[in-house]
Amino acid sequence: MKSNNKKILLLLIVVVGLFLVSGCSSPTDGKGQIIRITTDTTFKQIFDTESWFSALFVYPLSKAINYLAPKTGVALAISIVTVAVNAVILMATMKSNIQTQQMQLLQPEMDRITKKYEGKTDEASNMKKAQEIQALYKTYNINPFGTILITFVQFPIILAMFQSVQRAEAVANGTFMGLSLAQSPWAGIQAGQYLYIAIFAVMLVTQVGSMFLPQYLAKQKAKKDAEKRHKKPEATSNPNQNMMYYMLIPILVLSITWPTAMSIYWIINSIVIICKTLIVQAVIAKTPLGGAK
């Protein structure tokens with residue numbers, strides 16, 4: 001299992017790395033400037049000169065932001081589109097989201113199995129351990145591969161949203177609280193506009209919150225369950241904690257240098273993820289472990 005966890009960790013790190021590299025490298029012109037999607041840009045232009053991905057995913061999202069921005073302001077336009085996109089994703093992946101959070105809730109039982117076979121490396125013990133883990137998944141109707149698959153299902157849509165914010169003309173020419181969205185937080189700080197520090201700090205807090213909230217909720221539930229049984233809550237491990245740190249660090253490093261519009265998007269997206277986590281948790285809370293048999 002440890003070997004599988006390492007492989008999954010490496011795979012997700014590669015995915016995040018590709019996301020950050022590709023997400024920060026939208027199509028550029030001969031001068032190295034990002035090609036903007038304007039109110040006059042047509043689907044045919046994008047389809048003929050770029051990829052089907054840009055035409056089918058990035059183009060409509062950028063057009064939606066351009067359409068809403070004059071009516072609502074750029075920040076709210078990004079918010080509306082981000083919420084709409086995440087709502088669609090949530091409806092399509094609700095089952096996988098529930099199973100992902102259930103995995104967090106099952107961690108104490110997983111730890112008990114791991115401890116039971118600690119130091120036993122023979123084939124028979126490894127087989128029994130794997131059988132007990134599979135039985136645990138079956139008891140609670142969890143498909144561990146389904147929880148991984150959700151990352152790859154969401155990835156193209158998240159990437160499209162990321163690029164659409166970069167490319168929308170309304171974002172490039174827009175402002176937020178008097179700050180240029182095209183300027184990076186670092187450039188703004190150097191120019192003495194310290195409100196950029198606040199934007200970066202909010203992005204940091206919301207990003208950390210969105211990543212670690214499921215773990216916190218799982219610990220709180222374990223604590224409540226232990227109190228009902230008049231026992232002390234067991235210490236649980238989190239095999240994905242290092243993975244979350246590896247994902248967080250490159251995001252924070254890049255976020256100080258990318259356009260502030262991307263920081264605004266990242267704040268909104270993180271808040272939406274927090275809300276989505278709480279919604280899924282509410283569904284799970286209706287029955288023990290979301291309907292365990």
Side-chain angles (χ1 to χ4, degrees), residues 7-28 34-37 41-68 77-101 143-168 171 207 210-211 240 243-244 246-248 250-251 254-255 258-259 261-277 279-280:
K7 290 178 181 178
I8 293 171
L9 170 63
L10 179 60
L11 182 60
L12 289 177
I13 291 172
V14 170
V15 168
V16 172
L18 290 173
F19 166 66
L20 291 172
V21 171
S22 57
C24 292
S25 56
S26 293
T28 56
I34 291 176
I35 299 173
R36 305 294 179 188
I37 294 176
T41 304
T42 65
F43 175 84
K44 188 176 186 304
Q45 286 176 325
I46 298 295
F47 194 83
D48 289 344
T49 59
E50 299 180 21
S51 65
W52 62 267
F53 178 80
S54 293
L56 296 178
F57 291 95
V58 180
Y59 171 79
L61 293 174
S62 288
K63 292 289 279 188
I65 293 172
N66 285 338
Y67 173 79
L68 291 170
I78 295 173
S79 300
I80 293 170
V81 176
T82 302
V83 170
V85 167
N86 277 275
V88 172
I89 292 175
L90 180 59
M91 288 188 289
T93 61
M94 176 61 85
K95 184 177 179 180
S96 295
N97 275 282
I98 290 172
Q99 291 190 351
T100 298
Q101 290 195 38
N143 178 3
F145 294 103
T147 64
I148 299 170
L149 182 63
I150 187 175
T151 301
F152 297 97
V153 171
Q154 295 181 107
F155 177 72
I157 301 174
I158 295 172
L159 176 58
M161 186 65 210
F162 194 79
Q163 287 197 1
S164 69
V165 173
Q166 284 187 312
R167 300 189 60 186
V171 175
Q207 181 65 28
S210 68
M211 295 179 73
N240 296 321
M243 178 192 72
M244 289 189 286
Y246 292 144
M247 292 170 65
L248 180 62
I251 290 172
L254 285 173
S255 64
W258 63 27
M262 305 314 301
S263 295
I264 299 295
Y265 162 70
W266 215 255
I267 289 170
I268 296 165
N269 192 62
S270 296
I271 292 172
V272 169
I273 291 173
I274 289 171
C275 293
K276 188 163 61 175
T277 299
I279 291 170
V280 173

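Because only heavy atoms are used, hydrogens play no part in the values below, and waters and symmetry mates are left out as well, while side chains stay in.
Residues Pro156 and Phe53 share a closest heavy-atom pair of O-CZ, 3.3 Å. Between Ala168 and Ile65, the shortest heavy-atom contact is CB-CG2, 4.0 Å. Across every non-hydrogen atom of Ser164 and Ser62, the tightest pair is O-OG, 3.0 Å. Here the closest non-hydrogen pair linking Asn66 and Ile37 is ND2-O, 2.7 Å. Taking every heavy atom of both residues into account, Val81 and Ala64 meet most closely at CG2-CB, 4.0 Å. Between Val165 and Met262, the shortest heavy-atom contact is CG1-SD, 3.8 Å.
Asn269 has its side chain out of reach of Met161: every pair of non-hydrogen atoms, C-beta onward, lies at least 4.5 Å apart. For the pair Thr42/Phe47, no side-chain contact is recorded, criterion being any heavy-atom separation below 4.5 Å from C-beta on. Considering only heavy atoms from C-beta on, Arg167 comes within 4.5 Å of Ile35 through its side chain.
Note: Ile267 CD1 to Thr82 OG1 = 11.5 Å, rounded to the nearest 0.5 Å. To the nearest 0.5 Å, atom CZ of residue Phe43 and atom CG of residue Asp48 are 9.0 Å apart. Rounded to the nearest 0.5 angstrom, Gln45 CD and Ser54 OG are separated by 13.5 Å. Rounded to the nearest 0.5 angstrom, Ile78 CD1 and Ile264 CD1 are separated by 7.0 Å. Here Ile274 contributes atom CD1 and Met211 contributes atom CE; the two are 11.5 Å apart, rounded to the nearest 0.5 Å.
Taking the six-membered ring for Trp and the full ring otherwise, the centers of Trp258 and Phe162 sit less than 6.0 Å from each other.
Residues satisfying the ring-ring contact (aromatic ring centres under 6.0 Å, His included) criterion with Tyr67, sequence neighbours excluded, are absent altogether. For the side-chain hydrogen bond (donor to acceptor under 3.5 Å, both in side chains) test, no residue two or more places apart in sequence or in another chain qualifies with Ser210.
Using a distance-only test at 3.5 Å, with no hydrogens or angles considered, a donor-acceptor pair links the side chain of Lys63 to the main chain of Thr41.
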